[in-house]
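Scroll down for the structure; my scribbles are underneath it.
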Amino acid sequence: MKIDTLCVQGGYSPKCGEPRQVPICASTTFKYDTTQHMADLFDLKASGYFYTRLANPTNDQVAKKIAALEGGVAAILTSSGQAASTFAVLNLCNAGDHVVSSAQIYGGTFNLFAVSLKKLGIEFTFVDPDASEKEIQKAFRPNTKCVFGETVANPSGCVLDIGKFAKIAHRNGVPLIVDNTFPTPILCRPFEFGCDIVTHATTKYMDGHSSQVGGCIVDSGNFDWAKHADKFPGLVDPDASYHGLSYVKAFGKLAYITKCTAHLMRDFGSIPSPFNAFLVNLGLESLHLRIRRHADSALKIAKWLKTQKKVAWVNFAGLPGSKYNKLVKKQFDGPSPCGVMTFGIKGGREASIRFMDSLKLIGIVTHVADAWSCVLHPASHTHRQLTDEQLKAAGIPPDLIRLSVGLEDPEDLIADLKQALAKV
Ligand SMILES: *Cc1c(COP(=O)(O)O)cnc(C)c1O
């Protein structure tokens, strides 16, 4: 099946007389006829559902669709994008381990790594994603267990050279994890460039209607854990909580996702409600149509903003002349990487605020990547505790506006931007 067909039919094929739409399986538990059958499930000797915290049929069908879209072997849904990033790392790292991460990542992920996981004893080194291989190599330590990056960084718009990062990660015997939330697998499939594990905030384009918060982790099945057994004892060595079972020996290419389910989901429990999984699936059925429209409209609007005298700068990797043009051409289907861009208004912070307050169609919202166009001013919102100097150091100028282009007619959006600019 081609990717547009997978959006509709991937992960679930009803048999004769079964529901057309993925059914919401609202059941915590599943009934069995014998004690032994249930015991085998608990020992991971048999596969089947027994408690929704570990696995649920609705969630699994939707995870299967996302795995198919990314070209992976298996996937697991989580209750949020943050939970997906947390589990993707915790499935490989213990206290005392180290991770190399791109410095250009979502603010929530940065805080998770630099503050919360650090408190659990996992150290992170943040690298400039545009740095040379030699420079990035310097960040590695003997206890480094993975590399993390974001395909298109939120909000900086920086495009990750996935091939470069995969090469460096593999040279050091560790996998590359990439957050592919912004392009979605329709516009970029990181596994094709050597990435090993992909994460998503399904909250964004996959849902696409701002109706639920959710996440997903997909494994390519390509990383050879056994070859680096000393680094990944959790996947290779016997697990005492499953009578000495080795995930790699028992599950082969499914080891990473099985461990994530049987260990992290069992113990930490960030499972999504099957109803939320159902909403994600409705979004996925039209993802291929929507994301291309988001990306096309964003390119149109970025080009228009660029011609406006009152606009100081526009940052969008799809714009002709962006330093990321070559990477976009290599890694993406089409010239535009997503529907989110940043720009500034001449006159700094005050002018940007006046502009935003004058918008009528485009809402002021702490969200991105859904059907409704919206803006956010990091200096007033997500980063409001920082001084202008600190903002500059963080790469967020005080005039920066993040615009997420929705599915409205781009002519209407341009008219709204135009009337707001006239008020500045
Ligand atoms: C929103 C977002 C997240 C976090 O997702 P939540 O569902 O809000 O927890 C992670 N990565 C990126 C790129 C995001 O945009």
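Numbering of ligands and ligand atoms starts at 1, following listing order.
In this structure, Lys346 places its NZ atom where more than 12 heavy-atom neighbours from other residues, nucleotides or ligands lie under 6.0 Å away. Trp304 CH2: more than 12 foreign heavy atoms inside a 6.0 Å radius. Crowding of Lys423 atom NZ: a count of heavy atoms from other residues, nucleotides or ligands under 6.0 Å exceeding 12.
Between Phe113 and Phe148, a ring centre-to-centre spacing shorter than 6.0 Å is recorded. If you look at Tyr242 and His263, their ring centroids are not closer than 6.0 Å.
Contact analysis leaves Ala369 out of contact with ligand 1, as no non-hydrogen atom separation drops below 4.0 angstrom.
By the 3.5 Å distance cut-off applied to N or O atoms, Asn154 is counted among the residues near ligand 1. Polar contact with ligand 1: absent for Glu150 (N/O pair, distance under 3.5 Å). In terms of polar-atom proximity, defined here as any N/O pair under 3.5 Å, Thr203 does make such a contact with ligand 1. Looking at Gly81 next to ligand 1, an N or O pair under 3.5 Å apart turns up.
Under the 3.5 Å distance criterion, with hydrogens and angles disregarded, a donor-acceptor pair is assigned to the side chains of Thr151 and Asn180. Under the 3.5 Å distance criterion, with hydrogens and angles disregarded, a donor-acceptor pair is assigned to the side chains of Asp60 and Tyr49.
With respect to atom 2 (C) of ligand 1, the closest heavy atom belonging to the protein is Lys204 NZ, 2.5 Å. Remark: minimum distance from atom 8 (O) of ligand 1 to any protein heavy atom is reached at Tyr106 OH, 4.2 Å. Of all protein heavy atoms, the one closest to atom 9 (O) of ligand 1 is Gln82 N, 2.9 Å. The shortest contact between atom 11 (N) of ligand 1 and any protein heavy atom is with Asp179 OD2, 2.7 Å.
Under a 4.0 Å criterion applied to the non-hydrogen atoms of Val213, ligand 1 contributes the atoms 7 (O). Interface atoms of ligand 1 facing Gly214, defined by a heavy-atom separation under 4.0 Å, are 7 (O).
Between Asp388 and Arg349 there is a salt bridge, since a side-chain N of the basic residue sits under 4.0 Å from a carboxylate O of the acidic one.
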